[in-house]
Amino acid sequence: MKHIIRVLPAGADIVVDEWLLLHDSETALSRLAEHAMQRVILPLPLWRTLRDGTESFDPSSTGVWIASDDEYEDVACELLDLPLIAVDFPSFRDGRGYSVAYLLRTRYGFRGELRAIGDVLRDQLFYMRRCGFDSFEVRADKDIRDALKGLAAYTIRYQGSVDDPVPLFRKRAEAAPSLPDEHWEP
Amino acid sequence: MYRYDQYDLELLEQRTAQFRDQVARRLSGALSEEEFLPLRLQNGLYLQRHAYMLRVAIPYGTLSANQLRVLAEIAERWDRGYGHFTTRQNVQFNWIHLEDAPDIMDRLAEAEMHAIQTSGNVVRNITTEQFAGVAADEVMDPRPLAEILRQWSTMNPEFAFLPRKFKIAISSSATDRAAVKAHDVGLYLYRGEQGEALLKVLVGGGLGRTPMLGTVIREALPWRHLTTYVEAVLRVYNRHGRRDNKYKARIKILVQALGADAFSTEVEREWEQIKDSPATITKAEYLRVAAHFAQPPYADAEGDAAIVAAQRQASPAFARWCRRNVHAHQVAGYACVTLSTKPGMAAPPGDVTSAQMRAVADWAEQYGFGEIRVSHEQNLILPDVRQRDLYALWQEAEAAGLATANIGLLTDVIACPGGDYCSLANARSIPVAQAIQARFQNLDFLHDLGELSLNISGCVNACGHHHLGNIGVLGVDKNGEEWYQVTLGGNQGLEAAIGKVIGRAFRAEEMPDVIDKIVATFCTHRAGDESFSETYTRIGLAPFKERVYAQEGV
Ligand code: SF4
């Protein structure tokens, strides 16, 4: 049974993965039939085809994964209703997924599960979490228990992001008297 | 200077703990070298030709005396007794063992220093000019915004894996001493008509294989929007910058591909969405940070000028040093002093020994307010010296080998570590620099030549900024041999220009002669007191080329 890391209100934990990730558009269709009862994560291009086609599929048990060079913004509003969106990291050095996650969460307001897939490793989890990911499919050859530690590395953050949009300096200033700001010049 | 509060300290502690654990996992094999590589790079650790090299961040080139002493200690305890100051205002140690790196980080953290993001595909050290806060021609102090930007960019989760490295510089004086136009994002801070603080934003500058100067994409950006605007630039770059080819991954290639107008439109569109987000800088934050850069308690030193004038009269050598190495200060009776790290054969450009670092730290306390600056020309600066102390300082600096009166002159060579250390090098930089310095030892002659910059890089990565040198030297590889390509006409500052290649490359032994001929051509054609770059602008490349290749019958 496959496991993932899931961040829930109670904290981050290792849980059983309830989703089936279909990597390849070509084979996905046949596998889709095979796994009719299961919740599946489809490649974005396949999801587009199915959406436009006649075959019916259940949106509540369908997720989509976005490749780092997929154009998704034209359908972003439709994706919002999905229970899960996954963003692929073809290599952990490819940082496009961080911006995709940031935009899905803040610009489009996606509230469902946002999962990092692909080359997902312990030392990047903290950054991914900050950008709005709340589930992580850690690379299969890595110890997922060890990876979990990656979420706990830091308690201090200088800048705001999805997890907490308020930058540190505004918290520092809470102690100080607030100053009328608008027209002040240094 | 900026002092850490409990938040800054805690963050740094967490970072050093994380790094210690990462090194342990690397040594145990839990992390592969491939996985460890970007982690160590983001902590300033490179694997070089002989050992690991550690690049320590010196935010906008500012150090306290205590910090410089800690660098001296690190050089002695874990290296070979010296450090190398870089063109990015940082310092590098060349002989580091991986096993020691966590202890070094701890030692740095105790002194409020680190090596975070001095390398890797991230926002690097924010740089500014060496005379920030004290230069007589300064419009505004750029350091508060530089520090605010440092905090914003430190461990910014969205931009930790950019397509390529990302360099930001900010300047706010009549001349640009920070090479702003050669940065991925360059910022000019100035006053608007109502006295408001505004920024001119340039994007897409950078040297390397495809040298380009930045293009202005935004005028009159109010200061409080600095971080959100940079965020918009980085988001566009992170999403659309090329990742398929290392040499096409800098933002300049994206700006070029889209065109500056389209790029700017894209940034503005993104910025509209985040413009007034909580990241917008507040008055309270500006004041909190700016308080760290408040003026020190200057004495009434008006009378000092007369003392120095008399001393200059009495000693021509001192007068010469004052002319080149002493810079005008905002406060009457004070001066900024540049200590030259370019003595010639005695040491490679930018290299400073532990003993010298300690001496400089002592002078900073004795003759100033305990602060030292690093210039992107790789020299050290004492920013607040009383003029009556200049003579004593000069004598001590002489004895320590740091008073070569050559700032801005031909022998103030800017050079990267090159093939002696760097594993990317095509050729060595240091021997060529020293051979040229040895050829031009006559200080009177050098002073007569006037401002003339010579920059040397050991490969196309251009760490020695050779494109911006009036004379640029680039190490190239020809069938496994070291050769040097010469460019002329580069310039930094407001008149920044990229040099043009003069012709076929040269062997190392030819280089002093080549420079000799270039200098001779300048002397022949020079009108009055013209600087090298003025003469070059007037007469162009041809006369230089003719002379340099004369015997080949070009
Ligand atoms: S220019 Fe090349 S040789 Fe010189 S330090 Fe940079 S990478 Fe190394």
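In what follows, every chain begins at residue 1, and chains take the letters A, B, ... in the order their sequences are listed. Predicted model only: the values in this text are computed from it and were never measured.
- Residue contact with chain B, scored on non-hydrogen atoms closer than 4.5 Å, involves the side chain of A:Ser161 exclusively.
- Both the backbone and the side chain of B:Leu11 have a heavy atom closer than 4.5 Å to some heavy atom of chain A.
- Contact of B:Trp223 with chain A is made through the side chain alone, with heavy-atom distances under 4.5 Å.
- Residues B:Gln18 and B:Gln14 bring no donor and acceptor atom of their side chains to less than 3.5 Å of each other.
- Only the side chain of B:Gln22 comes within contact range of chain A, with at least one heavy atom under 4.5 Å from a heavy atom of that chain.
- For the pair B:Arg288 and A:Phe169, the cation-pi criterion (under 6.0 Å, within 45° of the ring axis) is not fulfilled.
- Ranked by heavy-atom pairs under 4.5 Å with chain A, the first of B:Leu37, B:Val289, B:Asp8 is B:Asp8.
- Aromatic rings of B:Phe166 and B:Phe159 (six-membered ring for Trp) have centroids beyond the 6.0 Å cut-off, not under it.
- Using a 4.5 Å cut-off between heavy atoms, B:Ile281 contacts chain A through its backbone alone, with no side-chain atom that close.
- Between B:Ser153 and B:Val123, the shortest heavy-atom distance links the atoms CB-CG1, 3.7 Å.
- Ring planes of A:Tyr98 and A:Phe89: perpendicular class, angle over 60° (limits at 30 and 60°).
- The part of B:Glu231 that comes within reach of chain A is its side chain, from C-beta onward, which places non-hydrogen atoms under 4.5 angstrom from that chain.
- Between chain A and the residues B:Ala197, B:Ala290, B:Gly241, the largest count of heavy-atom pairs under 4.5 Å involves B:Ala197.
- Among B:Glu285, B:Glu10, B:Glu158, B:Met140, the residue with the largest count of heavy-atom pairs under 4.5 Å with chain A is B:Glu158.
- The environment of CD in B:Glu110 is crowded: more than 12 heavy-atom neighbours from other residues, nucleotides or ligands sit within 6.0 Å.
- The parts of A:Arg93 that come within reach of chain B are both its backbone and its side chain, each placing non-hydrogen atoms under 4.5 angstrom from that chain.
- Using a 4.5 Å cut-off between heavy atoms, B:Arg243 contacts chain A through its side chain alone, with no backbone atom that close.
- B:Ala146 and B:Tyr60 make their closest contact through CB-CD2, 3.6 Å (heavy atoms, listed as atom of the first residue, atom of the second, distance).
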So A:Arg48 and A:Asp74, side chain to side chain contact (heavy atoms under 4.5 Å, CB included) or not? Walk me through it. CA-CA 11 Å; A:Arg48 283 181 193 269; A:Asp74 59 317; 2.8 Å; yes

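- Look at A:Asp134 and A:Arg6 and you find a salt bridge, because one of the NZ, NE, NH1 or NH2 atoms lies within 4.0 Å of a carboxylate O, short of that distance.
- B:Glu268 and B:Tyr229 form a side-chain donor-acceptor contact under 3.5 Å, judged by distance and modelled atom types alone.
- For residues 105-128 of chain A, heavy-atom neighbours of chain B at less than 4.5 Å comprise A:Arg107, A:Leu121, A:Arg122, A:Asp123, A:Gln124, A:Phe126, A:Tyr127, sorted by residue number.
- At a 4.5 Å heavy-atom cutoff, the contact between B:Asp21 and chain A is made by side-chain atoms alone.
- The stretch residues 141-154 of chain A places A:Lys142, A:Asp146, A:Ala153, A:Tyr154 near chain B, each with some heavy atom under 4.5 Å from a heavy atom of that chain.
- For B:Gln6, the CD atom is densely surrounded, since the number of other residues' heavy atoms within 6.0 Å is greater than 12.
- Look at A:Asp164 and A:Arg157 and you find no salt bridge, because none of the NZ, NE, NH1 or NH2 atoms lies under 4.0 Å from a carboxylate O.
- Within 6.0 Å of atom CD in B:Glu193, 12 or fewer heavy atoms from other residues, nucleotides or ligands are found, so the atom counts as exposed in its surroundings.
- Only the side chain of B:Tyr286 has a heavy atom closer than 4.5 Å to any heavy atom of chain A.
- For the residue pair B:Tyr7 / B:Gln151, no side-chain donor-acceptor distance below 3.5 Å is found, with atom types taken as modelled.
- Atom-to-atom distance recorded for B:His114:NE2 and B:Thr16:OG1 is 11.5 Å, nearest 0.5 angstrom.
- Heavy atoms closer than 4.5 Å to chain A are found in the side chain of B:Arg25, but not in its backbone.
- Taken to the nearest 0.5 Å, the CG atom of B:Leu108 stands 13.0 Å off from the CZ atom of B:Arg15.
- Interface remark: B:Ser277 contributes backbone atoms only to the contact with chain A (heavy atom separation under 4.5 Å).
- Checked by atom type, the side-chain pair A:Arg130/A:Gln159 shows a donor-acceptor distance below 3.5 Å.
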